[in-house]
Protein chains: 2
Amino acid sequence: MSQDNKVTGLTAKQEKVLNFIRERIQSNLPPTIREIAKEMGFGSTGTVRDYLDALSKKGYLRRTGKLSRSIELLKGAVNSIPLVATIPAGKPNLAYEDTENQLQLGDLLPAGANQNEIFALKVKGESMIEAGIMDGDTAIIRKQATAETGDIIAALLGNNEVTLKYLGRENGKFFLKPANSNYQPIYKPFTVIGKLVTIIRKY
Amino acid sequence: MSQDNKVTGLTAKQEKVLNFIRERIQSNLPPTIREIAKEMGFGSTGTVRDYLDALSKKGYLRRTGKLSRSIELLKGAVNSIPLVATIPAGKPNLAYEDTENQLQLGDLLPAGANQNEIFALKVKGESMIEAGIMDGDTAIIRKQATAETGDIIAALLGNNEVTLKYLGRENGKFFLKPANSNYQPIYKPFTVIGKLVTIIRKY
DNA sequence: TACGCTACCACACATCTGTGTGGTTGTCAA
DNA sequence: TTGACAACCACACAGATGTGTGGTAGCGTA
């Protein structure tokens with residue numbers, strides 16, 4: 001009847017402590033025990049330890065003994081979002097407690113990519129709308145000087161203009177191909193500056 | 001002739017130290033001075049301090065005095081991507097050093113949203129293709145039980161099926177409206193489980 | 001040559017920090 | 001009533017931690 005991996009509830013105070021820790025991690029550093037005590041109004045470090053033990057036992061965090069500030073969140077960590085595939089029957093609260101399917105925001109970047117090889121570009125205009133890329137979208141680009149036909153690339157045109165287009169090839173010559181039947185292909189000279197790896201759109 | 005905000009180069013060793021710090025921050029915690037010394041093979045904490053001072057003076061990091069592990073990266077920070085609007089003339093390396101325009105991955109989430117109110121959903125099918133939402137896209141949803149006409153919502157249909165559609169209204173009755181002229185509106189009963197806040201597509 | 005800078009070292013020291021020990025009070029279920 | 005647990009407190013202590021002081025050596029520039 002008892003399962004270890006069941007979703008254990010937190011008391012109001014435990015949640016308050018957890019939220020403070022989350023905030024601190026988000027803003028910069030995990031707090032020290034005494035910082036937590038001070039924030040929560042506790043007079044003793046022992047009290048904080050009791051809370052950390054409780055949160056740890058309930059699977060919300062992990063600590064690497066002895067190391068200062070070594071609080072690691074396990075559930076609802078910063079930069080992680082539960083990924084739901086299907087919503088189980090009769091569960092009004094969704095299945096989001098599921099620790100397995102967490103979408104890491106870092107996953108958006110190509111794995112192992114050097115920070116210096118990535119940049120973001122605001123999409124202007126509707127020339128790629130048939131590829132599902134809309135005006136205002138943010139395009140994450142990995143820098144590279146070459147690309148393959150069919151790739152969506154960021155290209156630099158003559159006058160400092162950057163544009164996102166399919167890389168096309170016709171009679172051995174590369175050109176820029178929009179994904180919008182109202183737009184014409186661009187045969188002007190251009191430089192490949194990178195390849196599209198991610199599209200982000202905020203509503 | 002000398003500008004403070006110019007991009008100052010790093011020596012090879014300084015870059016090595018910076019990379020180690022970045023790694024540590026990425027994996028969990030910023031390192032202590034002694035952890036850096038150990039990793040770099042330095043025999044003295046003073047040496048590390050010299051490096052931190054140098055990196056700090058060059059604008060790569062900031063420290064909050066006296067606090068343990070309080071190293072904060074300013075350039076090329078984890079989870080931040082340079083956002084480029086236009087690419088300056090004659091600059092083959094792009095303008096990515098620009099500290100002002102950094103896209104924080106955390107920005108993808110609705111500001112101040114509680115972690116528990118967010119989840120992600122894989123988009124299946126092409127019913128929203130005219131809204132630029134393609135098969136395989138990841139939809140970030142903020143949980144809410146109600147929405148306004150015209151919002152794109154995640155709705156729960158009878159049999160545990162979740163679907164992403166426009167919320168429509170006809171003769172006072174809500175219905176689900178696809179963004180694809182080949183699809184029919186859905187008039188079956190449904191429950192609003194959340195509102196679309198972000199679309200992410202990986203290539 | 002003097003100066004600034006990088007690149008190190010040794011060591012002392014005041015705090016910071018996590019942990020250990022031993023309590024108290026109250027609630028709730030068995 | 002016994003036991004488990006939440007929710008606190010006090011205090012001591014070893015070791016971690018950032019900082020301060022004072023060096024040495026090499027290199028390139030003015």
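Within every chain, numbering begins at 1; the chains are lettered A, B, ... in the order of the sequence lines, protein sequences first and strands thereafter.
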Checking only heavy atoms, does the side chain of [X] share a donor-acceptor pair with the base of [N] at less than 3.5 Å?
X: A:Arg49; N: C:dG20; result: yes
X: B:Arg34; N: D:dG18; result: yes
X: A:Ser68; N: D:dA16; result: no
X: A:Thr45; N: C:dT19; result: yes

**Report entry** Euclidean distance, A:Asp137 CG relative to A:Leu121 CG, rounded to 0.5 Å
**Finding:** 11.5 Å

Query raised in the report: Taking atom CD1 of A:Ile71 and atom CG of A:Leu18, what is their separation to the nearest 0.5 Å?
Result: 9.5 Å

Closest to the [X] side chain: [options]?
X: A:Lys13; options: D:dC8, C:dA7, D:dT19; value: D:dC8
X: A:Thr32; options: D:dA7, C:dT17, C:dA7; value: C:dT17
X: A:Tyr51; options: C:dT17, C:dT19, D:dC8; value: D:dC8

To the nearest angstrom, how far is [X] atom [atom1] from [N] atom [atom2]?
X: A:Lys57; N: D:dA6; atom1: NZ; atom2: C1'; answer: 10 Å
X: B:Lys16; N: C:dT6; atom1: NZ; atom2: P; answer: 18 Å
X: A:Asp50; N: C:dG23; atom1: CG; atom2: P; answer: 16 Å
X: A:Glu35; N: C:dG18; atom1: CD; atom2: P; answer: 8 Å
X: B:Leu67; N: C:dC16; atom1: CG; atom2: P; answer: 9 Å
X: A:Asp53; N: D:dC5; atom1: CG; atom2: C1'; answer: 13 Å
X: A:Phe42; N: D:dA10; atom1: CZ; atom2: P; answer: 13 Å
X: A:Lys66; N: C:dT19; atom1: NZ; atom2: C1'; answer: 6 Å

Query - A:Arg69 vs C:dT17: side-chain N/O to OP1/OP2 distance below 4.0 Å - result: yes

Requested in this report: Determine: side-chain N/O of B:Ser70 to OP1/OP2 of D:dG18, distance under 4.0 Å, yes or no.
Outcome: no

Report summary line: With A:Glu72 as partner, the option from A:Arg62, A:Arg22, A:Arg63 fulfilling salt bridge (charged side-chain N to carboxylate O under 4.0 Å, His left out) is A:Arg62

**Report entry** Within the 6.0 Å centroid threshold, strictly below: A:Tyr51 and A:Phe42
**Finding:** yes

**Report entry** Residue that, paired with A:Ile152, satisfies side-chain contact (heavy atoms from CB on, under 4.5 Å) out of A:Lys177, A:Met128, A:Lys195, A:Lys165
**Finding:** A:Met128

Query raised in the report: Within the structure shown, what part of the strands sits under 4.0 Å from A:Thr47 by heavy-atom distance: base, sugar-phosphate, or nothing?
Result: base

